[in-house]
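The structure displayed is predicted, hence computed values, not measured ones. Just so we're on the same page: letters track the sequence lines, and every chain starts at 1. Hydrogens, waters and symmetry mates are skipped; everything else that's a heavy atom, side chains included, is used.
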Amino acid sequence: MLKIKNLKADIENKSILNNFNLEIKPGEVHAIMGPNGSGKSTLSNILSGKKGYDVSGEILFENKNLFELETEERAHKGIFLAFQYPLEIPGVNTNIFLKTSLNAIRKARGEKQLDAIEFLKLVKLKAKDLKFDEEKLNRQLNVGFSGGEKKKNEILQMSILNPKLSILDETDSGLDIDALKIVADGVNSLRKKDNSFLIITHYQRLLDYIKPDYVHVLMNGKIIKSGGPELALELENKGYENFN
Amino acid sequence: MREKEITKLKDYKYGFTTDIENIRAPKGLNKEVIKFISKAKKEPKWMLDWRMKAYERFKNLKEPNWQKPKYPKIDYQDIYYYSAPKSTSENPKNLDELDPKLLETYKKLGIPLQEQQRLNGIAVDAVFDSVSVATTFKDKLNEVGVIFCPISEAIKKHPELVRKYLGSVIPLTDHYFATLNSAVFTDGSFVYIPPGVRCPMELSTYFRINASQTGQFERTLIIADKGSYVSYLEGCTAPMRDENQLHAANVELIALDDAEIKYSTVQNWYPGDEDGKGGIYNFVTKRGLCKGINSKISWTQVETGSAITWKYPSCILQGDNSIGEFYSIAITNNHQKADTGTKMIHLGKNTKSKIISKGISAGFSDMTYRGLVDISFKAKNSTNYTQCDSLLMGNKCGAHTIPYIKNKNPESNIAHEATTSKISEEQLYYCQQRGLNPEEAVGLIVNGFCKEVLQQLPMEFAVEAQKLVGISLEGSVG
Ligand SMILES: Nc1ncnc2c1ncn2[C@@H]1O[C@H](COP(=O)(O)OP(=O)(O)OP(=O)(O)O)[C@@H](O)[C@H]1O
Ligand SMILES: [Mg+2]
């Protein structure tokens, strides 16, 4: 599904990623851990098409060169990023944002647009699963939402859009214990043989709830070690300092 | 990363010209030209005298220059003050007699007069350069006593109403452009709603400038008699030309006891090209008088076009308990400039006014909100609430807020709020990540920003206006 070969990424002449390689197959869940500033968010931004990076190497998503696709075209193809810091957009009603987003993606795929009633039905269902207070959906997008609510809102969007590749950038940071469990359930319910996940986290605990197939350690711009879930435990014990 | 070219040139779909034979007054401004206009309109003598008085006054006035957008000196002798399609010199009685080229023009503008005649809902007065070419639903409105006709017709058929109210809100001796208009105004709409009547449909005037080197000086007069209600909308477009054309209209509204007038404008005059060449100078005087007790006047404007927009739709709250409202969206892109806002003059007791202004600037444009709230010492227990929000796109445009506040009554209350925000790259990225293209993203954010004002528009036009807001900002991202 996703093949990253020799990815090199610079920002303002500073090298962030170098010789980065990763392959994710359909249905797999990969976790990436790495110290602050190691380039985890940079990687998620490059995958989802944020501008402003100097990149070289190759990224194939379902055998298509991602560099040839605009940000929104990648979203249409099924790439979703749950932001580490979700944006506030004053004036824009959350429900309207969700509906516009869903319909833009459906339209690009040649699917039928949902009308207001169909959409509200869908959103109600998903919000209930995530124990997300529906009232909040009538507020301006993320404006006045607590840190945890913003993160949950990202997962709500993910479950509505049902993406093929979901990238979760530290979604667990800032969630309370119950919310963590709910979010994990949300992710697990989307786990299917065609849906893949790239989960960026600092804490092993999330991986107790979402069992990854692979864990990678990102340091110095590349993956220095890969393994199974046990790698996360090892990392938690040793810390990055002693890991090398 | 490969970036797709976003077409920078804004697509102004109303930029075509209708090739039609015109009758024009000789170029320039003088007594002969004013006589020409008056004669072409077959006006009574009192009207010509009125025009002449205005002209005498005009000669002694100085062109103002306190506004923020400056413009090259206008040569008032180099303008045609009257231009009309030849076919309209004999007033056609109905649409079937109208020049097919005119019908075609309005069809292209999205106002199919003939089909529209059959649909129920909105009565349209179509003004083409200096004349009104058609008014629909006249008969149906007549049944309830509503008069909706070209002002040139009202001058002849309803002189008592015109003489009583014309110039009663914008006097002959008002400022430079208003006085110029009084001397040379050509056409526009006249509306009278009799006592107790709720106008059964939306009234609408569509202004079209077609001829080159021609100024448009329209005049609109709306009178809502006691206990009546009317909702009126005007729309405007013009061809794309390298020259700047002057549009100096006067609009007067009068609301008597318990009457309400809702006046909406969707202004989409040609804004000039990407480099700021050409476009309309939209210098308009709009003023409403809440003459009676409990009367209400509400202005809603969506200003997206014109090279320069310079206007302050105002309310004089004379009747006790009267209400004035001003809802505005002004958008400037490329090299457009706007200096717009409102004046709320509180004279009566318990008068209320509300100002909601949303300014959006993009490209190299410049936007000024200028507003006056004046509460006189007699206007006891009056209130004003003002909210001015500016949204900037990019960092080459400007936004300014200049509120003037005069409160001479200690029992009255003025509240003012202002914000300035920016559409950030991060917000656009976030929207794009969710599948919206940059234009859709901007449209969504901007429409969210102006929601409060868009909601004020009549339903039929809200959707159009929403689209227009998006289109006006096309090419401003990326
Ligand atoms: N716009 C930018 N300009 C300059 N440097 C940047 C920019 N964006 C990111 N960086 C730098 O790139 C490096 C990687 O940042 P990134 O956000 O990818 O780290 P991260 O692994 O997600 O860290 P964290 O765990 O703290 O979220 C950091 O040193 C950061 O300061
Ligand atoms: Mg990060």
Within the structure provided, determine whether A:E72 and B:C431 are in side-chain contact (heavy-atom separation under 4.5 Å). no

Quick one: does any side-chain atom of B:Q433 pair with a main-chain N or O of A:L81 as donor and acceptor, under 3.5 Å? yes

In the structure I gave you, are the side-chain heavy atoms of A:T100 and B:R434 within less than 4.5 Å of one another anywhere? no

Heavy-atom pair count under 4.5 Å with chain A, highest-scoring of B:I423, B:L436, B:N447: B:L436

Rounded to the nearest 0.5 Å, what's the gap from OG on A:S48 to OH on B:Y430? Could you check? 11.5 Å

Between A:S44 and B:Y429 the two heavy atoms that sit nearest each other are O-OH, 4.5 Å

Correct closest heavy-atom pair for A:A104 and B:G435 would be CB-O, 3.4 Å

Taking everything shown except B:K451 itself, do over 12 heavy atoms lie less than 6.0 Å from its NZ? yes

Checking A:N45 against chain B: side chain, backbone, both or neither under 4.5 Å from a heavy atom? both

Heavy-atom distance under 4.5 Å to chain B: side chain of A:N65, backbone, both or neither? neither

Which answer fits A:L98, side chain, backbone, both or neither, if we ask what part of it has an atom under 4.5 Å from a heavy atom of chain B? neither

A:I89 portion near chain B, given a 4.5 angstrom heavy-atom threshold: both

Is it the backbone or the side chain of A:Q140 that comes under 4.5 Å from a heavy atom of chain B, or both, or neither? neither

Under 4.5 Å heavy-atom distance to chain B, tell me which part of A:Y85 shows up: side chain, backbone, both or neither. neither

One thing to verify: whether A:K50 and B:E426 come together as a salt bridge, which I'm taking to mean a side-chain N less than 4.0 angstrom from a carboxylate O. yes

What is the minimum heavy-atom distance between A:V92 and B:L444, and which atoms define it? CG2-O, 3.6 Å

Tell me, yes or no, whether the heavy-atom count around A:K112 atom NZ, taken from other residues, nucleotides or ligands under 6.0 Å, exceeds 12. yes

Just wondering, are more than 12 heavy atoms of other shown residues or ligands nearer than 6.0 Å to NZ in B:K352? no

Side chains of A:T71 and B:L428: does their closest heavy-atom pair fall under 4.5 Å? no

Taking atom NZ of A:K107 as the centre, report whether more than 12 heavy atoms of other residues, nucleotides or ligands fall under 6.0 Å from it. no

